[in-house]
Structure formats: C-alpha cells, structure tokens
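By convention in this document, chain letters (A, B, ...) are assigned in the order of the sequence lines, proteins followed by strands, and residues within each chain are numbered from 1. We use all heavy atoms of the structure for the numbers below, so side chains are in, but hydrogens, waters and symmetry mates are not.
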Amino acid sequence: MIGGIFWMIVANGAALLGAHALWRRIRTGAAGIDAIMFLVLRLLLLSAAVVVGGLSGFLTPMGLGVASAGVLAFLLLRGELRKVRFPSRPDFGRTTAILAALIAVRALAQVWFLAPSSGDALAYHLPKIGEWIRAGAFTREMGLDPCVTFPAGFELVETWWVVFLHHDLLIEVAGIEFAALAFASVAALASTAGLSPRTAFLAATLFVLTPLFTLQTTSCLNDAPVAAMVLAVTALAASRAHPLQIGIAVLMGMGLKGTFLYALSGPALIAWFWRDGERARPASIPWTIPPLLAASVLGMFWYVRNALWYGNPSYPVTAQGLDLGGVHVQVGPSLASLESNFSSLLTSLVSDRLLPYQTDSYRTAGWGVTAFASGAVGLIHAMREDRTLRRLTVGFGLSLATVLMLVSHDGWYPRFALFFPAILCVGAARLASISRPIAWLVFVGAFLQFGSTLTSRDLVPSKTMALLRQSWRERSVGPLYYTRELPAGEAVAVYSTVRSITYILYSPDFSRRVVYLRVSNAEEMMERMKREGIRYVYVDVSSAHRKQQILDLVQESRLRSLNERLYVLN
Amino acid sequence: MSPHGTAIPARQVAEILVAVALILWRIVDRTADGLWMDWTLVLCMYWITSIFAGAREQGAAAVVFVAGLMALYLWYQLPQALVPLGLRP
C-alpha cells in the first residue's frame, strides 16, 4: 500500500504539472475559459494515461507510476515547476465560502467513509474496473449486464483513483474532479452574464449543492460528470472560447455517455448567439492540436471498440433502441416523449414529492428547493432584465427540450437533464445579490439542501452507519448484502440473467477472482465451476425454471445455500 | 392600458400572452385538484405580477413568491425526506 501511495502522489504530480504545462500554452487570459480548460486538460491526461496503460498491459501501480515518474522528471528538468502561477485568492464572500467548504469537507468525508452502493454502479459501471484492475489491462470480460459496453470515460477517471492503491477507497474522488469542473463552468457562465465574482461563486456553489448532483458526485454514476461537461461546453461557447478548445470538451464528453450529445443543441445555439465579436485566442493554436487529437481518441474510443468487437458502435443499442427488462432505451427523437417527459417534470418531479432523493433520480428531479423557488423566480426576473441571461436561458431550454425528446418516458429520465438547474442557480444567485431578504432565503434553502442530502433512499442512515463501522480496508456494501459468507480471496462464479450487483464480489482490494458464466442452465453452471476450480457461485436468475434447477441441486445436496444469492458446491 | 392609464409596451403584451398561454396549457394538462399548487402556474403568476409591478413592488413580490414556493416545496418534499431517516414509512 505504501508503494501505491507513493506512485499515486508521483502520478498526480505529473498529471497536475503536465496539465499546467499544456494549459499555459493554450490559455487565453480569460479567467473562466482558462479555469475550465485546466480542469479539462487534467481529466484528459488522467484518462489518456489509463487508456494507454489499459491497452499496453501496464495498468498497474508500477506501470503507470514509473511512466508518470518519467513524465514528472522531464517536466521538472524543463523547469515547468518554476512556471506554475497559482491563481489569486477568489472573492467568495464569507457565507458562500462557509457553504462551499462544508460541501467540500462532506464530499471528502464521503469518499473516505462510504463505498460504492448505487445499483447501476455496482451492476455495470464498476465490474469492468474490477476486471481491468485485476488483469492490469483492458479486458474483453466486463460482466454480464447488457450495459457494460456503454462508453466508459468516467470509469477511466475512477480507474485512475483505484489503480495505484489496488483498492477502491478513493474511487469517488473521480466524481469530485467533475464537480470541480461543474463549479468552474457555472461560475464562468454567471460571469459571462455580468455577475460579480461573489455572485458567480454563489451560483456555482448552489449548483454543486443541487441534490441530485451532490448525491451523484460520490455515487460512481456518470450523469453528474456528463452534466459537468455539458456545462463546460456551454460556458466555453458563451465565453467565446476558441472552437478547438470547445472541441476538446465536446470530444471528452462524447466518451462519457451517449446522452451527452443530446444536450449539445443548447451550446450550439449559444455559440451562434455569440458568433460576432472577438474570440478568446489560445496562446498557441498548434499546441491546442495535440489535446484535441487525444480528446478525439478518448471520445471515439468506446464507439470504435464496440464497432470492432460487435459490429455496432453503439452496441447493444440498435436502431430500434434497447429493451432492458421493462425499461426501453429510446433511439431518435419522439414528440410523445418530449410531451410526457416535460409534463411530468413540471407536474410532479420538479417538486420531488413522489419519493425521497435517490442517486439515480428515480421519480424525482432532484433539483432542490433553491432551484424550485429562488432559482425559478430569479430566472424570470433576470430574463426580463438581462439580454445575456435571456439568451443563456433559451440555450439551456433548447438543451432540455432535445434531451427530453430523445429519452424514454421512464422513472429515471430526469438525471439526463441534470445540467439544467445550473441556469436556475445563476438566477437565484443574481436575485440574492440584489435583494437581502432573498439572499437570506437562498442561504436557508441551501442549508436545508445540505441537510436533506446527508441521506438518500439508496443510502439510508443504517447502511451508512454499517459502512462507518467497517475498517477502511474492508469498507464495502457487499457484507450488507450477500458476501458475508464468502471466504476472503476465494474465487466466485456468477450465474445471472438479470441486472445484478456483481461489483461487490471483487472485494474493495480486488482480491477475489470473479468468473462470469455464460451458461443456459444449472447443469452447465456446475460443469463450468468444476472446470474452473470454483466452489462458490452467486446466483441471480429470473425465470421460474432456472430457479427450480438451482433448488433441485440444493435438494440433491450437490449445492448448499449460504444466503439468498450465494451457494457453495458440496 | 396599464393600471396607471398608460399604454402597455408591445414587449410586455408579448410576455403576458406567453404567460397566459402557459397557464392555459397547465390548466389543460393537469387535473383541477392540484392546480392551485402547480409550480408553472405560480411562476406565471409571478411573471404577470412583475410585469405590472413597479421596481419597489417587484422586490416585494419576489420575496413573497420565493417564500411561498419554498413553503410549497417543503410541504411536498419534507415527508419524503423523513423516509430515509426512518421517521416515516
């Protein structure tokens, strides 16, 4: 572990200094654009390092660590450290600073004390990381869920925070990296609208406290990162950034999730609104090309991989969409979806009255009281008075409309529109800056949001307390579900025909081999287990006849049940 | 004519028409029972109020509407917030 910590520090030093070296060559002098580009470049370098490590078989602490040490030595010899200029202390305002500090401290505490627990993360986002870390390389095996082949740009950043320690203790830091990007982007947007630095930072702080965003930041789900990248592109467009710089952010976003593309209509319209006038010019255009090329590779990587492996860039989604046991992934626009999504968003979801907050936004918008009250009133106020904010709002509205038109009307769609509360937060901050009573209401709302996002429907206090009682080495939701009876380090097979939370099987230190069985019945399962020399099996099947086959094996004493999902060979 | 007896500018007429159209859409779109607590409807009322209010009244209206909407949100969401805490089934 000590070696891992050493390599992690070296690698992050190299990534920071490398991002700075690139950044100072393409900075524009416009604070908003430059802040966003620094964070995007850092994410670009982390992601690129993991892709290179994954493809070359050096996705190990030593592999990435030694390469990073080489890069760091090169940068130090080039004198890059002496060229680092720290930004001047930002003017937050006292209350905003306290609120932002509370959010930051809570997020870091959640990184340490919580473990991945969201169903989607455990079922299809994270198992691939388990396979990559165990193999020290990218693997074709990523799990049994149909969604494992979706773009995994966010998982690259998560892998960066896992690979050096060979442990998932810090995996949620990846979400914090994107929260920082969202913060910088909303502040830049607010500044574009002529708001003071204090007001802009308040808007940014309010956005990262948006319930769904703040819950997703440390939940290993990729909707908050997508929202952050949409906001980055929007802010770059509104700040008249150079098209090559906007291109870097767009391409990075493509690699996060396909739905990122659905929201680009708004930034495109905003870029068109701001087409006249002088553009911010990077210090060096030629130096902008390599990051753009790297972003192209990262953005296209998953689509090209799927085309090569499965003959379909968007596999398993086809022109007809994808059916996932009652949930349909829509392909192409639908006015019916737009009408249904928009209507239910305004009627019930925006008020978060149907269910408690949940990281996957199930039947809630998760925009919070600030966006709902002071944000909406403030935005109307702002639109009536300010042309820039009117244009920004039209852009955000267009993005919202295209997203709602392109996603199915299911229980989870609001997470795809997680970027939208940003413009409401700008409205709230602006109104707070001109009315003291409103400022009080905004801060009351913000502190209420802080309190109400300490728990969620999928991470209730009892579960949180159970995680807190575990040592950091063993912290996992696995024992709270099905892995308590699984001996440490013992390999386990998975026989599953439904969405199943298999990431918990790897253990936080990825010490357990997980073998996914692609078999059609229980007899084949037994045969495969014997061939692989595996005694334990995690069973999660849906059909009655498959369940009966397992019961038959138990009755024949060939298999023994340890709990609802876990069995061992007799 | 405005309450002060002056002609309403064309832009404000357009704003009122959009707000009224939104109100009509909400009335058509949802059932009558929850209509008085509809977010869009409340916001349209604020919008129309702010069109006719003077600068001083606009500030007061904003405070009233923000406070009202906060109360409305908490009325809706607070019971749900109690569920994860085990204080409500």
Side-chain angles (χ1 to χ4, degrees), chain A residues 211 339 342-358 363-381 383-385 428 431-432 434-438 440-442 444-445 448-449 451-464, chain B residues 9 11-12 14-16 18-19 22 25-31 33-35 37-53 55-56 58-89:
Chain A
E339 188 191 349
F342 203 58
S343 178
S344 66
L345 180 69
L346 294 181
T347 303
S348 55
L349 300 181
V350 76
S351 57
D352 298 319
R353 67 182 183 194
L354 300 178
L355 283 175
Y357 297 139
Q358 187 163 320
R363 299 186 74 194
T364 58
W367 291 4
V369 67
T370 305
F372 185 87
S374 44
V377 169
L379 194 59
I380 291 172
H381 191 272
M383 283 173 69
R384 298 203 63 242
E385 292 190 342
L431 198 57
I434 54 181
S435 164
R436 203 165 180 77
I438 299 275
W440 275 101
L441 290 173
V442 165
V444 167
L448 281 173
Q449 268 177 215
S452 64
T453 49
L454 287 167
T455 63
S456 66
R457 189 164 175 247
D458 43 1
L459 198 58
V460 294
S462 58
K463 206 190 281 181
T464 306
Chain B
R11 195 194 119 174
Q12 293 186 0
E15 284 186 61
I16 294 165
V18 174
L22 281 170
W25 171 60
R26 294 310 292 160
I27 291 170
V28 171
D29 191 54
R30 62 175 304 179
T31 55
D33 57 339
L35 203 56
M37 291 203 294
D38 185 79
W39 185 54
T40 316
L41 214 60
V42 176
L43 290 174
C44 287
M45 283 162 57
Y46 167 71
W47 191 0
I48 292 170
T49 307
S50 66
I51 292 170
F52 289 109
R56 198 183 174 85
Q58 271 193 29
V63 173
V64 169
F65 274 89
V66 168
L69 282 168
M70 283 179 79
L72 186 63
Y73 182 90
L74 295 175
W75 171 264
Y76 282 139
Q77 210 276 327
L78 206 57
Q80 299 300 341
L82 299 177
V83 174
L85 299 172
L87 300 173
R88 197 170 169 269

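The candidate from Ala62(B), Ala81(B), Pro79(B), Ala71(B) with the greatest count of non-hydrogen atom pairs under 4.5 Å with chain A is Ala62(B). Comparing Leu85(B), Val83(B), Ile51(B), Leu78(B) by heavy-atom pairs within less than 4.5 Å of chain A, the highest count is held by Ile51(B). Contact tally against chain B (heavy-atom pairs below 4.5 Å) for Leu441(A), Leu431(A), Val460(A): the top residue is Leu441(A). The candidate from Val442(A), Thr455(A), Leu355(A) with the greatest count of non-hydrogen atom pairs under 4.5 Å with chain B is Leu355(A). Interface summary for chain A: among Val63(B), Asp38(B), Leu41(B), the most heavy-atom pairs under 4.5 angstrom belong to Val63(B).
Heavy atoms closer than 4.5 Å to chain A are found in the side chain of Leu74(B), but not in its backbone. Using a 4.5 Å cut-off between heavy atoms, Arg384(A) touches chain B through backbone and side chain atoms alike. Using a 4.5 Å cut-off between heavy atoms, Trp25(B) touches chain A through its side chain atoms alone. Thr364(A) does not touch chain B: none of its heavy atoms, backbone or side chain, sits under 4.5 Å away. Contact annotation for Leu454(A): neither backbone nor side-chain heavy atoms come within less than 4.5 Å of a heavy atom of chain B. Of the atoms belonging to Ser435(A), it is side-chain heavy atoms, and not backbone ones, that fall under 4.5 Å from chain B. In this structure, chain A has a heavy atom under 4.5 Å from the side chain of Thr40(B), while its backbone stays farther away. For a residue to count as touching a neighbouring chain, one of its non-hydrogen atoms must lie under 4.5 Å from one of that chain's; by this rule Leu354(A) touches chain B with the backbone only.
Looking at Tyr73(B) and Arg353(A), their side chains never come closer than 4.5 Å, going by heavy atoms from C-beta outward. Annotation: side chain of Met70(B) is not in contact with side chain of Thr370(A) (no heavy-atom distance under 4.5 Å). With contacts defined as side-chain heavy-atom distances shorter than 4.5 Å, the pair Glu15(B)/Met383(A) does not qualify.
Using bins of under 30°, 30° to 60° and over 60° for the plane-to-plane angle, the ring pair Phe372(A)/Trp39(B) lands in the parallel bin.
Interatomic distance, CG of Asp29(B) versus OG1 of Thr347(A), reported as 5.0 Å (0.5 Å rounding). Distance CE/Met37(B) to OG/Ser351(A): 8.5 Å, rounded to 0.5 Å.
Counting non-hydrogen atoms of other residues, nucleotides and ligands closer than 6.0 Å to CZ of Arg11(B) gives a total above 12. Glu385(A) CD: more than 12 foreign heavy atoms inside a 6.0 Å radius.
There is no side-chain donor-acceptor pair under 3.5 Å between Asp352(A) and Tyr76(B).
Summarising the geometry of Pro84(B) relative to Pro461(A), their closest heavy-atom pair is O-CD, 2.8 Å, with the distance given to 0.1 Å.
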